[in-house]
Number of protein chains: 2
Amino acid sequence: MDPIKDKTPPLYQFFSEKEAERKKALLPSEEKISSLATFFKIFGDVTRLRILFHLLESKLSVGDLAALTGMTDSAISHQLKQLKSINLVYCRRHGRTQFYSLADQHVADILKIGLEHVSE
Amino acid sequence: MDPIKDKTPPLYQFFSEKEAERKKALLPSEEKISSLATFFKIFGDVTRLRILFHLLESKLSVGDLAALTGMTDSAISHQLKQLKSINLVYCRRHGRTQFYSLADQHVADILKIGLEHVSE
DNA sequence: ATTACACTTGAACAATTGTTCAAGTATTGG
DNA sequence: CCAATACTTGAACAATTGTTCAAGTGTAAT
């Protein structure tokens with residue numbers, strides 16, 4: 001019917017189609033790979049890294065994080081929103097102030113392994 | 001001299017200037033934070049993640065990685081170049097074929113912790 | 001030598017990203 | 001209630017990113 005759909009299957013140089021299917025089946029699902037990419041992307045920004053390192057030590061307000069990092073409140077708030085969206089931080093309100101904390105025990109592990117790698 | 005430089009020091013809401021300096025001193029250096037961001041950014045892309053997961057299992061040629069992931073040779077080659085630039089993979093030539101391998105023992109650790117996080 | 005194969009490269013492009021700005025909400029103090 | 005504080009939001013912008021395309025390299029087979 002549609003000649004465009006009749007394209008030849010991918011040709012592997014060093015293994016069979018069957019072996020290729022086995023390799024593909026070993027990968028995490030598309031959904032997990034996509035979530036993983038989102039997760040790691042979050043760590044790939046210096047402002048967010050600074051926020052995370054600061055929160056490793058103490059709960060902090062948006063304003064104090066801004067002052068510590070030399071950014072505007074708005075910039076920090078935008079970034080905290082992202083960190084919250086994938087559950088790396090959470091916040092609790094005290095009066096007018098939002099105190100942000102780390103939400104995940106994996107954060108410290110990830111940062112540590114990353115630091116080890118770049119320190120070689 | 002320059003009135004613009006006479007701006008008020010940052011005001012911290014919940015701690016002193018001195019405590020702020022202590023907190024800032026605890027952070028990794030600017031250079032390390034910047035390298036860390038570069039390092040994590042690499043993991044923040046689905047194509048590169050698929051490449052890394054495949055290389056976790058076996059050495060592979062550019063063409064086979066392309067066929068396995070459904071991308072063009074060119075796209076894969078560009079991504080491998082990035083992975084090589086921060087020493088996550090290396091390659092060895094056999095005739096006309098470049099075989100790519102994982103170069104770093106941290107890769108498996110990072111991917112594992114990431115998967116644990118997104119699987120919760 | 002010539003051709004094919006396996007890969008790399010640089011430029012172009014759309015898509016995504018981080019920051020700023022101005023305006024908004026929520027809470028508190030007077 | 002009104003103003004001040006602390007933060008959030010959405011739109012706009014420049015900067016960066018991933019992919020494609022066309023042209024390039026290097027190696028091997030004939």
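Numbered from 1 within each chain, the chains take letters A, B, ... in sequence-line order. Note that the structure is a prediction, hence the values are computed from the model and not measured.
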Problem set entry | ring pair (Phe, Tyr, Trp, His ring centres under 6.0 Å) assessment of B:Phe43 paired with A:Phe43 | CA-CA 9 Å; B:Phe43 290 87; A:Phe43 290 87; over 10 Å; no
Problem set entry | Pair B:Leu60-A:Lys23, side-chain contact (heavy atoms from CB on, under 4.5 Å): steps then yes or no | CA-CA 11 Å; B:Leu60 288 166; A:Lys23 283 180 187 299; 4.2 Å; yes
For this session: Run the numbers on A:Ser61 and B:Gln13 for side chain to side chain donor-acceptor pair (under 3.5 Å), then give the verdict.
Result: CA-CA 8 Å; A:Ser61 70; B:Gln13 298 170 260; 3.1 Å; yes
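Side chains of A:Ser101 and A:Arg92 form no contact here, defined as non-hydrogen atoms less than 4.5 Å apart.
The CG-C1' distance, from A:Leu80 to D:dT9, rounds to 14 Å in whole Å. Here D:dT8 presents its C1' atom at 9 Å from NZ of A:Lys84, a figure rounded to the nearest Å. Spacing between atom CD of A:Gln98 and atom P of C:dT28 amounts to 11 Å, rounded to whole angstrom units. Between the P atom of C:dG18 and the CG atom of A:Leu49 lies a distance of 11 Å, rounded to the nearest Å. The nearest whole Å value for the distance from the CG atom in B:Asp64 to the C1' atom in C:dC5 is 14 Å. In this structure, A:Asp73 places its CG atom 15 Å from C1' of C:dA26, rounding to the nearest Å. Nucleotide C:dC7 holds its P atom 7 Å from the CZ atom of A:Phe14, rounded to whole Å. Rounding to whole angstrom units, CD1 of residue A:Ile76 and P of C:dT19 are separated by 8 Å.
Distances shown here put a side-chain N or O of B:Tyr100 below 4.0 Å from the OP1 or OP2 atom of C:dT8. Remark: B:Lys81 is in phosphate contact with C:dT9, judged by side-chain N or O atoms under 4.0 Å from OP1 or OP2. For B:Gln13, no side-chain nitrogen or oxygen approaches OP1 or OP2 of D:dT5 to under 4.0 Å. An OP1 or OP2 oxygen of C:dT17 is reached within less than 4.0 angstrom by no side-chain nitrogen or oxygen of A:Gln82.
Of all heavy-atom pairs spanning B:Leu102 and B:Tyr90, the tightest one is O-CE2, 3.5 Å.
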For this session: Classify every nucleotide of nucleotides 24-30 of chain D by which part a protein heavy atom approaches to under 4.0 Å, writing B for the base, S for the sugar-phosphate alone and - for neither, in 5'-to-3' order.
Result: ---BB--
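Note: the hydrophobic cluster containing B:Leu56 also contains B:Ile113 (ILVMFWY, side chain heavy atoms under 4.5 Å, direct or indirect links). Using a 4.5 Å cut-off between side-chain heavy atoms of Ile, Leu, Val, Met, Phe, Trp and Tyr, with links allowed through other members, B:Phe99 and A:Phe15 fall into the same hydrophobic cluster.
Among the atoms of the strands shown, only primed sugar atoms or phosphate atoms (P, OP1, OP2) are found under 4.0 Å from some heavy atom of A:Thr97. In this structure, B:Phe99 reaches neither bases nor backbone, as no heavy-atom distance under 4.0 Å exists between it and the strands shown.
A salt bridge between B:Glu21 and B:Lys18 is absent, with no side-chain N of the basic residue lying under 4.0 Å from a carboxylate O of the acidic one.
The structure places CD1 of A:Ile86 at 7.5 Å from OG1 of A:Thr38, a figure rounded to the nearest 0.5 Å.
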Filtered N/O pairs between nucleotides 21-23 of chain C and protein, under 3.5 Å:
from	atom 1	to	atom 2	distance (Å)
C:dC21	N4	A:Ser74	OG	2.6

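Side-chain atoms of B:Val62 lie closest to C:dC7 of the nucleotides C:dC7, D:dG18, C:dG10.
The number of heavy atoms from other shown groups lying within 6.0 Å of CD (A:Glu31) does not exceed 12.
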